Amino acid sequence: MQVDRYERYWMWAATGMLALFLGAIVVTAVTGSAHPPSHVETINPETLDVSGEFSTPGVVTNPDGTLTVSMRAEFYVFQPGIVRVPAGRQVRFRITSPDVLHGFQIVGTNVNLTVAPGYISEATATFKEPGEYLVVCNEYCGLGHHNMQGSIIVEAAQ
Ligand code: CUA
């Protein structure tokens, strides 16, 4: 079959790109840097204010010294908006939404969750370096989406 030279170049270029993108997916999956949500815990989004951990969101220290942070992502804030945790300790984030789909991404870490009403999303992180980490919503959730952010202040361990 006669294939034009330029057409052949483009076919090789397209095949190369496919291989490159597929390779990127395989590499991130194998090295564990992609975390699809595996934790399916449900909650009634209409009663978050009434009772339970999300009616008083915040940081709780567990008996083993780790921390659990219960948070809400809602029109167009994170509750609490500023979270203070010590460096070097394991922090488990539990987050849900009373309204629509939001995102919860801690910039500079691999914590990146989709927050869906009716579900509790979880991620665990240990912050080695003290400092302020920006939290952004990365799912388009409405007119105030671009203003929806929070911060995590990691304090030096005592
Ligand atoms: Cu919340 Cu975008």
Side-chain angles (χ1 to χ4, degrees), residues 17-18 20-157:
M17 281 193 283
L18 281 177
L20 188 70
F21 298 151
L22 193 64
I25 292 170
V26 170
V27 167
T28 52
V30 169
T31 59
S33 48
H35 292 269
S38 54
H39 174 92
V40 181
E41 187 179 343
T42 57
I43 189 167
N44 182 352
E46 290 173 2
T47 58
L48 294 187
D49 279 324
V50 180
S51 63
E53 62 181 295
F54 299 102
S55 63
T56 54
V59 183
V60 171
T61 304
N62 302 311
D64 65 357
T66 62
L67 297 147
T68 300
V69 184
S70 303
M71 291 183 80
R72 286 168 23 183
E74 57 198 8
F75 287 137
Y76 299 108
V77 289
F78 292 101
Q79 298 273 20
I82 297 173
V83 172
R84 290 175 188 276
V85 294
R89 273 213 259 164
Q90 194 186 83
V91 183
R92 188 157 59 109
F93 291 94
R94 287 167 59 76
I95 180 159
T96 190
S97 163
D99 42 54
V100 300
L101 203 66
H102 295 278
F104 178 78
Q105 179 175 11
I106 306 176
V107 176
T109 72
N110 66 352
V111 176
N112 187 354
L113 298 170
T114 295
V115 185
Y119 292 90
I120 299 170
S121 299
E122 265 198 26
T124 301
T126 302
F127 299 93
K128 293 190 177 72
E129 297 297 325
E132 186 167 350
Y133 292 75
L134 178 68
V135 177
V136 295
C137 174
N138 57 13
E139 294 280 355
Y140 182 73
C141 52
L143 291 177
H145 162 72
H146 62 287
N147 288 325
M148 186 165 169
Q149 52 178 260
S151 66
I152 293 169
I153 296 174
V154 178
E155 295 166 331

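Keep in mind that this is a model prediction, so the values were computed, not measured. All ligand and atom numbering here is 1-based and tracks the order in the structure.
- Across all non-hydrogen atoms, the minimal contact from Val154 to Pro86 is CG1-C, 4.1 Å.
- Relative ring orientation between Phe104 and Phe93 is described as tilted, the plane-to-plane angle lying within the 30° to 60° band.
- Between the side chain of His102 and the backbone N or O of Glu139, no donor-acceptor pair lies under 3.5 Å.
- Rounding to 10°, one obtains 90° for the angle at atom 2 (Cu) of ligand 1 between SG (Cys137) and O (Glu139).
- Our summary of the site lists the angle at atom 1 (Cu) of ligand 1 between ND1 of His102 and SG of Cys141 as 100°, to the nearest 10 degrees.
- Of all heavy-atom pairs spanning Gln90 and Thr126, the tightest one is CA-OG1, 3.5 Å.
- At a cut-off of 2.8 Å, His146 is not counted among the residues with an N, O or S atom near atom 2 (Cu) of ligand 1.
- Taking atom 2 (Cu) of ligand 1 as reference, His145 places its N/O/S atom ND1 nearest.
- Here Tyr140 fails the criterion, with no N, O or S atom under 2.8 Å of atom 1 (Cu) of ligand 1.
- Using modelled atom types, one side-chain atom of Arg89 and one backbone atom of Gly65 make a donor-acceptor pair closer than 3.5 Å.
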